[in-house]
Amino acid sequence: MEAETTADHPRPLMRRIMGVSLVMALLLAVAAFLGLAAGSSGFAVGQVAAILWDQGGVDPIMADIIWRLSLPRVLLASLVGAALSLGGLVFQALLRNPLAEPYILGISGGAAVGAIAGILLGFARFPGVSLLAFAGSMATLLLVLVISSTGKAMRKDGLILAGVMVNAFCSSVIMFLVSVTQDSRLYNILFWLMGDLSMADAGQTFILGWAMIPCFAGIMVLARPMNLLLMGEEMAANMGVNVQAVSVTLLVVTSFMVSAAVCHSGLLGFVGLVMPHLLRLGFGPDHRLLVPASLLGGGAYLILCDLLARSLPTQGEMPVGVITAMIGAPLFIFLLQRSRR
Amino acid sequence: MRESLRVSELTHAYGNRTVLDRVSFSVEEGEFFIVIGPNGSGKTTLVKAVSGALKPKGGGVEILGRSLGDYSHRALSRIVALVPQTVPADIPFTVEEVVLMGRSPHLGLLELEKRTDQEIALQAMQFTRVEHLARRRLDELSQGERQRVLIARAVCQQPRIILLDEPTASLDLAHQLLIMDLMEDLRHGERVSVVMVSHDLNLACLYADRLLLMKGGQVMSVGTPDEVVEFHMLEKTYGCVLLVDRNPLKDVPRVTLVPKRLTRVL
């Protein structure tokens with residue numbers, strides 16, 4: 001039905017962007033509300049609504065739990081989900097590879113090694129640990145690009161293979177460091193390797209939010225150049241894109257964003273695959289739509305994954321990374337099959 | 001006649017291998033200018049240097065009287081449009097989206113395409129006869145259709161100079177002719193300068209105002225088809241025997257390849 005109305009009069013792009021963003025924002029709002037309402041403590045929806053809209057007559061302890069514990073966790077999940085989804089979108093466009101994603105490329109792993117090194121060296125979380133995490137992510141990104149570039153063209157499988165190996169190496173370094181030091185500041189191996197959002201802290205999450213906003217804005221601005229880059233570097237350059245400047249900016253901004261997320265969540269695999277690919281199926285390849293949609297949808301996706309992890313009956317808590325990997329890894333295999341054809 | 005492109009003493013090398021050796025020529029507004037020469041003669045490098053994709057080691061390029069270096073990426077892309085030899089095989093966009101991208105140089109960073117941009121894109125698609133393919137994905141099209149879409153994209157850019165790197169290679173006869181005729185219309189209608197790299201000497205003679213014959217990065221000859229397509233010059237450049245006579249259709253040279261077995265006929 002949409003095809004008919006748009007055949008002669010293409011719906012202005014602005015309205016499509018607004019429409020898609022609105023839908024994704026609603027999805028995010030619903031996910032956030034469910035994230036606040038459900039969880040280990042099992043609140044009733046009505047009570048949570050009353051607390052959020054500040055109507056009197058609610059249990060102050062319950063309100064306190066929501067504001068101090070649930071809200072930071074939901075906020076963190078949405079920020080990390082947004083950052084990783086957007087990271088996947090950018091890497092997929094820039095490397096022309098549908099399988100590219102911060103975790104698979106080893107960038108998340110590099111950031112985690114950097115963050116752990118920072119913590120062990122006794123740096124403050126900001127800026128010391130964050131800067132080391134950023135350095136770690138940039139170093140692994142460069143390493144993967146150098147390994148996989150064979151002279152001229154970057155081979156698709158080579159890139160993924162290099163990423164997976166770098167990632168495996170980083171994981172072993174993380175395990176080694178956490179095992180030998182037993183430092184209480186490091187949380188635990190599971191936090192780093194499987195990703196966990198239960199450590200969310202309101203103050204840290206707000207700082208993370210402020211750090212993310214300029215990254216999101218920067219990527220939004222470069223959405224059209226990302227489209228043009230898909231036409232090949234030569235044609236992108238001929239359409240006014242400073243290919244080198246745009247590529248470097250996107251890689252640096254994305255690595256920064258991912259490393260900041262990893263510092264707070266550990267290694268969450270495959271988050272950058274799910275939303276970008278789902279959204280491409282639904283809305284097409286235009287990044288001016290995909291960037292805001294991935295941002296909002298990625299946030300919603302991780303909140304829901306975390307919700308699932310919290311609500312499944314477990315001994316203690318299940319790390320959210322278990323869920324993201326269970327959903328993402330089969331998708332990865334499917335995409336790998338398709339890209340080989 | 002206003003000059004739209006001037007190349008002077010252009011020199012470039014990949015490592016030790018010189019690919020452009022003091023190449024000089026100029027192209028006028030509305031001129032059909034075709035670059036010919038054997039493989040590896042530096043034609044593609046020349047196109048890259050003129051489109052700004054490559055920084056030459058020496059010499060200069062002037063576009064509309066201003067040095068290429070003085071243009072920003074965007075300003076240059078409003079004047080020079082390129083139809084490259086190869087594009088990625090996995091472009092996910094529809095024909096309409098690809099053609100509309102030609103408006104990018106005319107838009108601000110966050111500006112979206114307006115109704116007028118969409119009209120210009122539609123006209124460009126009608127011009128190269130791909131408007132019926134508007135909703136199809138580029139990677140579903142035939143070679144000839146793809147080439148017409150890429151030309152529509154370049155036309156949509158509303159350039160003063162259009163560069164085409166072997167646009168008719170691997171196309172069937174009807175498509176070759178269509179693309180040459182489109183360029184003919186473009187230069188007469190819009191006074192766009194057409195600079196084309198081609199291997200087809202006969203089509204080149206029929207359409208071009210002037211030809212540039214290159215070999216080993218050097219200019220062998222530049223001038224009208226009559227001046228350039230001359231038996232001795234071609235033999236020296238291509239290193240094979242060719243028959244040059246007159247084209248009965250239009251009074252220009254006609255070139256026939258001569259198989260080894262038939263050389264004694266000459």
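Computation of the quantities below employed the complete heavy-atom set of this structure, encompassing side-chain atoms and omitting hydrogens, waters and symmetry-equivalent molecules. Naming: A, B, ... by sequence-line order, numbering from 1 per chain.
- Contact of B:Lys48 with chain A is made through the side chain alone, with heavy-atom distances under 4.5 Å.
- When all heavy atoms of B:Ile91 and A:Met231 are compared, the pair lying nearest together is CG2-SD, 3.6 Å.
- Heavy-atom distances place no part of A:Leu222 under 4.5 Å from chain B, backbone and side chain included.
- How far CE of A:Met239 is from SG of B:Cys156: 10.0 Å, rounded to the nearest 0.5 Å.
- Contact annotation for B:Leu76: neither backbone nor side-chain heavy atoms come within less than 4.5 Å of a heavy atom of chain A.
- Within the 4.5 Å cutoff, the side chain of A:Leu230 has no heavy atoms near those of the B:Asp90 side chain.
- Taking all atoms of both residues into account, the shortest heavy-atom contact from B:His73 to A:Val241 is CD2-O, 3.5 Å.
- Between the side chain of A:Arg224 and the main chain of B:Glu111, a donor-acceptor pair closer than 3.5 Å is present.
- No other option in B:Ala75, B:Ala81, B:Gly52 has as many heavy-atom pairs under 4.5 Å with chain A as B:Ala81.
- By the 4.5 Å heavy-atom criterion applied to side chains, B:Pro92 and A:Arg280 are not counted as neighbours.
- Interface residue B:Arg153: only side-chain heavy atoms are found under 4.5 Å from chain A.
- The backbone N or O of B:Val80 sits less than 3.5 Å from a side-chain atom of A:Asn238, completing a donor-acceptor pair.
- Annotation: maximal heavy-atom pairing with chain A below 4.5 Å, among B:Ser72, B:Ser51, B:Ala134, B:Ser104, occurs at B:Ser104.
- Interface residue A:Arg288: only side-chain heavy atoms are found under 4.5 Å from chain B.
- Looking at B:Leu150, the atoms closer than 4.5 Å to chain A (heavy atoms on both sides) all sit in the side chain, from C-beta outward.
- Within 6.0 Å of the CD atom in B:Glu131, the count of heavy atoms belonging to other residues, nucleotides or ligands exceeds 12.
- Atom CG of residue A:Asn227 and atom CE of residue B:Met101 lie 5.0 Å apart, to the nearest 0.5 angstrom.
- Shown here is B:Arg129, whose CZ atom has no more than 12 heavy atoms of other residues, nucleotides or ligands within 6.0 Å.
- Between the side chain of A:Glu234 and the main chain of B:Val83, no donor-acceptor pair closer than 3.5 Å is present.
- Of all heavy-atom pairs between B:Arg74 and A:Gly240, the closest is CG-O, 3.9 Å.
- Options B:Leu109, B:Thr94, B:Leu110 differ in how many heavy-atom pairs under 4.5 Å they form with chain A, and the most are formed by B:Leu109.
- Top candidate by heavy-atom pairs under 4.5 Å with chain A, chosen from B:Leu107, B:Val87, B:Leu54, is B:Leu107.
- Around the CD atom of B:Glu190, the shell of radius 6.0 Å holds no more than 12 heavy atoms that belong to other residues, nucleotides or ligands.
- Comparing B:Lys114, B:Arg103, B:Glu113 by heavy-atom pairs within less than 4.5 Å of chain A, the highest count is held by B:Glu113.
- Within 6.0 Å of CZ in A:Phe256 there are 12 or fewer heavy atoms belonging to other residues, nucleotides or ligands.
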